[in-house]
Amino acid sequence: MKEVIVLDADLRRAAAEGMDEFLAVFVTAIKTAIGGELTQENISELNAQQITLLAYDILHQEVMDGGFVQLIHNGYGPFIFLNPFAKAIKLWGMKPLAKLIYEAHTLYNRYGKDIEKDCTDEEFMALFEQYPDFDDLDDTFVEYEEEWTEDVARYVDDHIEQFASIKE
């Protein structure tokens, strides 16, 4: 396992700024420890908690930017839906988010291959109209995003030792 190190001063500063900044300290530290990006080669260097946090970060960024269609089109469907991410989030006590991921997984199974295809920007924009089944899921994520991000931050804070070593 790679040692992930977070500086206490960075953690205190980020905690004072808010939950997004608090989580970003851990996400950045985890990515730094593995060379910048999660890959097939370095995923085994992280524990399940760290991988789950990176998955939430990807989910959060992609869905807030362009919804589940964008997440799938950008190639993150297998990482989010074909790994035990929803189960892990459920174990973190986030059953409503896990339920949303399971619902999106059903749609991913139905439409994923078509959404993942290479396409022009214009064709990509048309995907949102072609797959309106994702709209309600996107809306639900946006509606509960702050609450869910706070839940993730609280879980990380309560289990810091599973995410990083804190150094002075």
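Every heavy atom of this structure was used, including side-chain atoms; hydrogens, water molecules and symmetry mates were not.
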Roughly how far, to the nearest 0.5 Å, is CG of Leu107 from CD1 of Ile72? 7.5 Å

Could you list the residues that satisfy ring pair (Phe, Tyr, Trp, His ring centres under 6.0 Å) with Phe141, not counting sequence neighbours? Trp148

Verify same cluster id: Tyr155, Leu91 (apolar side-chain graph, 4.5 Å): no

Please give me the minimum heavy-atom distance between Thr52 and Ala88, naming the atom from each residue. OG1-CB, 3.4 Å

Spacing of Asp20 atom CG and His60 atom NE2 [to the nearest 0.5 Å]: 5.5 Å

Would you confirm whether Asp57, through its side chain, and Leu53, through its main-chain N or O, come within 3.5 Å as a donor-acceptor pair? no

Can you tell me how far the CD atom of Glu45 sits from the CD1 atom of Ile51, to the nearest 0.5 Å? 10.5 Å

Evaluate Phe26 against Leu11 for side-chain contact (heavy atoms from CB on, under 4.5 Å), listing each step before the verdict. CA-CA 9 Å; Phe26 288 93; Leu11 193 55; 3.4 Å; yes

Might you work through the side-chain contact (heavy atoms from CB on, under 4.5 Å) test for Leu97 and Leu100, ending with a clear yes or no? CA-CA 5 Å; Leu97 177 56; Leu100 182 77; 4.2 Å; yes

Minimum heavy-atom separation for Ala86 and Ala98, please, with both atom names. O-CB, 3.4 Å

Going only through I, L, V, M, F, W and Y residues with side-chain contacts under 4.5 Å, is there a path from Phe22 to Leu7? no

Should the heavy atoms of other residues, nucleotides or ligands under 6.0 Å from CG of Asp158 be counted, would the total exceed 12? yes

How long is the span from the CD atom in Glu103 to the CG atom in Leu137, to the nearest 0.5 Å? 5.5 Å

Does CZ in Phe124 sit with more than 12 non-hydrogen atoms of other residues, nucleotides or ligands closer than 6.0 Å? yes

Under a 4.0 Å N-O cut-off, is there an ion pair linking Asp157 with Arg154? no

Kindly compute the distance separating CG (Leu54) from CD1 (Ile30), expressed to the nearest 0.5 Å. 5.0 Å

Check the hydrophobic clustering (I, L, V, M, F, W, Y; side-chain heavy atoms under 4.5 Å; chains of links allowed) and say if Val152 and Met19 are grouped together. no

Would you name the heavy atoms of Ile115 and His73 that are closest together and state the gap between them? O-ND1, 2.8 Å

When the ring centroid of Phe81 is compared with that of Phe85, is the distance short of 6.0 Å? no

Determine whether Ile58 and Val156 fall in the same hydrophobic cluster, where Ile, Leu, Val, Met, Phe, Trp and Tyr are linked whenever their side-chain heavy atoms lie under 4.5 Å apart. yes

How far apart are the closest heavy atoms of Val6 and Ala29, and which atoms are they? CG2-CB, 3.7 Å

Sub-3.5 Å donor-acceptor pair from the side chain of Asp151 to the main-chain atoms of Met94, do we have one? no

Flag yes if more than 12 heavy atoms outside Glu123 fall under 6.0 Å of its CD atom; otherwise flag no. yes

Matching residue for Tyr108 among Leu82, Ile80, Ile101 - test: side-chain contact (heavy atoms from CB on, under 4.5 Å): Leu82

Evaluate the side-chain contact (heavy atoms from CB on, under 4.5 Å) criterion for residues Tyr102 and Lys87: first the C-alpha distance (whole Å), next the side-chain angles of each, then the deciding distance (0.1 Å), finally the verdict. CA-CA 9 Å; Tyr102 287 129; Lys87 181 179 180 182; 4.0 Å; yes

Nearest heavy-atom contact between Asp138 and Gly67 is OD1-CA, 3.4 Å

Is there a path of hydrophobic side-chain contacts, each under 4.5 Å between heavy atoms of I, L, V, M, F, W or Y residues, that connects Met125 with Leu71? yes

Sub-4.5 Å side-chain heavy-atom contact between Leu38 and Lys31: no

Pairwise distance CE(Met64) to CD(Gln70) - rounded to 0.5 angstrom: 12.0 Å

Short side-chain to backbone donor-acceptor contact, Asn47 and Gln162, under 3.5 Å: yes

Taking atom CG of Asp121 as the centre, does the number of heavy atoms from other residues, nucleotides or ligands within less than 6.0 Å exceed 12? no

Check whether the ring centres of Phe163 and His159 lie less than 6.0 Å apart, and answer yes or no. no

For Tyr111, give me all partners under ring pair (Phe, Tyr, Trp, His ring centres under 6.0 Å), at least two apart in sequence or on another chain. Tyr131

Got more than 12 heavy atoms from elsewhere within 6.0 Å of CD, Glu122? no

Show the nearest heavy-atom pair for residues Gln50 and Val4, with the distance to one decimal. NE2-CG2, 3.4 Å

So do Leu59 and Tyr56 actually touch side chain to side chain, heavy atoms under 4.5 Å? yes

Could you tell me if the side chain of Glu150 sits less than 4.5 Å from the side chain of Tyr144, heavy atoms only? no

Within the structure provided, determine whether Asp133 and Arg110 are in side-chain contact (heavy-atom separation under 4.5 Å). yes

